[in-house]
Amino acid sequence: MSTQRVFAARLAGCAVFDPAGDRLGKVRDVVVVYRSSAAPRVIGLVCEIPGRRQVFVSIGRVTSISSGQVITTGLINVRRFQPRADEVRVLAEVVGRRVHFVDGSGSAVIEDVAIEPNRVGEWAISQLFLRKPKTSASPFSKGPTAFATWAEVREQHTPGEAQSAEALAASYAELRPADLANTLLDLPEERMIEVAEELSDERLADALEEMPEEEQVHILERLGDERAADVLDAMEPDDAADLLAELEPERSEELLQLMEPEEAEDVRMLLRYGADTAGGLMTSEPIIMSADATIAEALATIRRHELHPALAASVFVTLPPYETPTGRFLGAVHFQRMLRYPPHERIGAILDDTLEPLLVTASAAEVARRLASYDLVSVPVVDQARRLVGAISVDDMLDYLLPDDWRSQDADEPLPAAPTTAPIPIVRRG
């Protein structure tokens with residue numbers, strides 16, 4: 001086995017391969033067990049395999065481990081990982097803990113942990129990367145760093161003192177929102193809340209949008225009112241409306257009062273519609289432009305990285321005003337059509353006015369039929385005056401049709417049919 005010292009934070013996200021070079025998954029954490037007189041012993045890795053399932057890989061099945069990749073024997077138990085009472089995850093539970101130096105020189109926070117095998121191949125924690133308290137009053141300064149062995153420090157928790165989760169949150173910076181959501185849900189409850197508090201409003205909002213509504217509510221209730229309102233501001237209006245609909249009306253109104261007025265107005269509008277109607281499924285922030293805008297301007301708009309891919313596929317054209325509820329809906333232009341014309345061409349000249357919008361009162365079944373019948377990735381939604389009030393993307397429809405706990409299902413488990421208020425008939429062609 002490789003004898004290279006490896007730091008856990010750098011190991012996270014590394015690919016796991018079998019002896020033939022086929023990729024099996026990626027590392028998510030390192031599992032250790034504490035010992036009375038020696039450094040914690042590494043017993044295995046938590047790896048994520050296709051289907052977003054986290055499984056345990058015993059260290060005995062690892063033939064090579066480095067900061068770049070992990071090679072295994074290829075034999076993996078695909079049972080979902082559930083930590084036992086004596087097992088501790090390094091990134092989830094050790095990183096961020098405060099320790100005190102045995103020589104009495106002060107305290108520090110663990111920012112990373114190095115693991116290394118001994119002569120007989122037993123892996124253990126060999127070194128800690130620590131951050132001492134800062135010595136400058138500047139808010140931008142950080143404390144000095146130091147390395148120490150496990151024997152040179154001791155853990156000591158002050159009653160009521162929360163462990164720092166800043167380093168752990170930073171280690172999740174490269175995770176996609178869905179992966180971040182799953183990783184947070186796999187943490188112990190208190191640790192999950194600590195890490196959630198360290199994430200930026202936008203990053204936490206992205207993660208909440210990928211969680212079951214029950215978990216969303218649980219995390220939101222653990223945040224302070226001001227922080228909860230900031231996170232709701234950062235969420236997509238339709239997701240924020242779905243979350244607030246799960247709360248008691250009084251609590252929902254309190255948070256709406258704390259939100260930015262413009263964001264709160266969009267959410268209030270969505271809350272007026274039933275969950276199984278086009279109004280309840282739509283987002284109130286589609287891409288809207290005037291007919292006089294050029295193709296170059298439209299393409300520049302849909303290039304914005306924060307736009308959802310499904311909504312960025314089409315530009316909706318209306319009469320002024322150009323924010324929902326807009327003026328009269330005129331039509332839509334798909335980005336593929338824009339690519340076929342010169343940049344100076346007006347989008348009004350290539351407008352598809354045959355796309356019939358849905359009324360806000362349309363049923364979810366009608367929305368699904370419209371998306372499927374015309375192979376659409378999004379469909380416009382209008383009110384009785386034909387003013388554009390939003391759009392429904394295909395992923396919004398999938399979220400509605402799938403069962404509430406679909407995110408927690410394993411890849412090979414069949415998904416039960418989601419209950420709907422109106423059945424969607426299957427029409428066979430030919």
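Fair warning: this is a prediction, and the values are worked out from it, not measured in the lab. Along the sequence shown, residues carry numbers from 1.
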*Asks:* Taking C-beta and beyond as the side chain, do Lys26 and Cys14 meet within less than 4.5 Å on heavy atoms?
*Replies:* no
*Asks:* Look at Arg35 together with Glu122 and state whether they make a salt bridge at an N to O cut-off of under 4.0 Å.
*Replies:* yes
*Asks:* Indicate yes or no: does Glu189 engage Arg222 in a salt bridge with an N to O separation below 4.0 Å.
*Replies:* yes
*Asks:* May I ask you to say whether Arg23 pairs ionically with Asp18, meaning some side-chain N is under 4.0 Å from a carboxylate O?
*Replies:* no
*Asks:* Would you say the side-chain atoms of Gln127 and Arg5 include a donor-acceptor pair closer than 3.5 Å?
*Replies:* yes
*Asks:* Less than 3.5 Å apart, any donor N or O on the side chain of Asp352 or Thr354 sitting next to an acceptor on the other?
*Replies:* yes
*Asks:* Quick one: are Val267 and Leu232 in side-chain contact, heavy atoms under 4.5 Å?
*Replies:* no
*Asks:* Indicate yes or no: does Glu265 engage Arg268 in a salt bridge with an N to O separation below 4.0 Å.
*Replies:* no
*Asks:* Does the distance from a Lys or Arg side-chain N to an Asp or Glu carboxylate O, for Asp29 and Arg89, drop under 4.0 Å?
*Replies:* no
*Asks:* Salt bridge or not between Glu111 and Arg97? Use side-chain N to carboxylate O under 4.0 Å.
*Replies:* no
*Asks:* Is the shortest distance from a Lys or Arg side-chain nitrogen in Arg251 or Glu254 to a carboxylate oxygen in the other one below 4.0 Å?
*Replies:* yes
*Asks:* Flag the pair Glu209 and Arg176 as a salt bridge only when some basic side-chain nitrogen lies within less than 4.0 angstrom of an acidic carboxylate oxygen.
*Replies:* no
